[in-house]
Amino acid sequence: MKRLIAMGVAACILTGCATDGTASKQDVGTGMGVVIGGLAGSFLGKGSGRIVGALAGAALGGFIGNRIGAMLDEEDRRALQEKAKQVLVSQPDNSEISWSSDRSGATATVVPENSRVETREIKVVRDAGVAPAPQLDLIGAKYVTKGVVPVRLAPSDRADTATTLANGATIWAVGRVRNQPWIMVARGGKSIGYASAASLTPAPKPVQTAAAPVKSPAKPASAEPFDLDGAAPVRGPADLDALGPNEKADTVVASVACRDIRTTATAKGETATSTQTACRSPDGSWELN
């Protein structure tokens with residue numbers, strides 16, 4: 001209930017609730033889109049990961065509500081939001097994906113386009129003993145070690161070792177140091193140092209079938225126990241006020257993947273088009289700007 005109230009207040013702030021008790025249909029669509037998106041996103045992760053998921057989901061819901069929410073009801077907005085999220089993360093550029101509502105007859109197309117790399121500033125939390133990150137090429141994904149891997153306090157073979165990862169251990173790759181063979185790695189919500197890029201490989205994605213999910217192979221006995229879902233792999237701006245005494249937050253210039261999402265919806269004889277930009281975040285989610 002507290003979450004619903006908080007999101008309702010946020011929607012009111014974002015839409016500028018009318019003081020006389022009235023609001024335009026489009027403003028209501030925007031606010032409801034934010035609430036719907038936030039609730040959907042809040043279940044994307046565990047622990048503090050929910051905060052990042054909720055923000056990303058709220059942005060997506062607001063995007064749909066602002067441009068198209070005036071034509072759609074709550075159920076259709078929710079369904080179209082889910083379709084847009086799927087298209088964002090899974091479809092190549094210029095692939096037109098259709099959506100329709102069996103209940104209301106509303107229809108829409110969602111098109112991802114203009115995938116590109118942009119230079120942006122991101123926030124990175126690190127252990128105080130870890131050297132500040134230079135420029136990064138953002139990765140934001142799980143990686144697995146190839147052999148026993150030392151994690152250095154700075155991107156250099158001469159830097160002290162912060163910790164050692166066992167063969168087959170899973171770690172969060174924040175980003176690759178620009179023009180250097182080092183990857184900034186994180187766990188427990190913060191960067192713990194730098195690992196050689198040659199010693200890491202992207203973690204395989206779980207394979208599932210329609211009948212039942214396929215169990216992932218057991219980790220090697222030497223693998224370091226590590227639950228990436230136990231906490232956000234990296235912390236977002238909402239967490240920066242709660243840094244511990246041995247933690248630092250830096251603003252880092254990073255190359256991030258971005259793409260545009262164009263949505264055109266038709267309902268009740270009206271058609272509207274919205275275009276929004278989404279960029280990858282250090283925690284691996286996509287955030288709409």
Side-chain angles (χ1 to χ4, degrees), residues 43-50 52-53 89-90 122 124-131 133-134 136-236 239 244 246-247 252 254-257 280-286:
F43 295 99
L44 296 178
K46 299 178 181 178
S48 57
R50 288 187 176 182
V52 178
V89 301
S90 65
I122 62 173
V124 176
V125 177
R126 59 180 170 85
D127 279 332
V130 175
L136 293 174
D137 294 324
L138 197 66
I139 297 175
K142 293 180 184 179
Y143 271 51
V144 177
T145 57
K146 299 186 293 184
V148 177
V149 177
V151 176
R152 308 283 184 178
L153 292 176
S156 169
D157 286 324
R158 293 175 291 181
D160 291 340
T161 299
T163 188
T164 299
L165 301 175
N167 179 45
T170 304
I171 195 70
W172 190 260
V174 179
R176 180 168 179 146
V177 178
R178 179 72 56 81
N179 299 323
Q180 295 187 39
W182 293 93
I183 291 177
M184 172 177 265
V185 296
R187 66 180 174 190
K190 59 187 175 183
S191 168
I192 60 170
Y194 302 84
S196 167
S199 67
L200 301 176
T201 188
K205 295 181 179 179
V207 178
Q208 293 186 344
T209 64
V214 176
K215 294 182 178 180
S216 301
K219 291 183 178 180
S222 59
E224 177 182 273
F226 182 34
D227 179 14
L228 278 172
D229 294 326
V234 288
R235 274 173 281 180
D239 303 302
N246 296 318
E247 298 174 339
V252 180
S255 298
V256 301
R280 289 270 292 188
S281 297
D283 74 329
S285 67
W286 288 83

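All residue numbers in this chain count up from 1 along the given sequence.
Here the side chain of W172 pairs a donor or acceptor atom with the backbone of P282 at under 3.5 angstrom. Remark: side-chain polar atoms of Y194 are paired, donor with acceptor, to backbone N or O of A131 under 3.5 angstrom. In terms of modelled atom types and a separation under 3.5 Å, the side chain of K146 and the main chain of T201 share no donor-acceptor contact. Without hydrogens or angle criteria, T145 side chain to G168 main chain gives a donor-acceptor distance under 3.5 Å.
For the side-chain contact (heavy atoms from CB on, under 4.5 Å) criterion with V185, the lone passing option out of I171, V174, V130, V149 is I171. Just one of T161, D157, T163 meets the side-chain hydrogen bond (donor to acceptor under 3.5 Å, both in side chains) condition when paired with R152; it is T161.
The closest side-chain heavy-atom distance from L165 to R187 is below 4.5 Å. Annotation: side chain of R126 is not in contact with side chain of K190 (no heavy-atom distance under 4.5 Å). Side-chain contact check for L138 versus I122: some heavy-atom pair is nearer than 4.5 Å.
For the salt bridge (charged side-chain N to carboxylate O under 4.0 Å, His left out) condition, the pairs that include at least one residue of residues 158-181, sequence neighbours left out, are D137-R178.
Among all heavy-atom pairs drawn from V177 and P134, the shortest one is CG1-CG, 3.4 Å. Of all heavy-atom pairs spanning G175 and L136, the tightest one is O-CD2, 3.8 Å. Listed here is the closest heavy atom pair of A173 and I139: O-CB, 3.6 Å. The heavy-atom pair separating V252 from A133 by the smallest distance is CG2-CB, 3.9 Å.
One distance of note links OG of S199 with OH of Y143; it measures 11.0 Å at 0.5 Å rounding. Note that OG of S191 and CG of D127 are 7.5 Å apart. Values are rounded to the nearest 0.5 Å.
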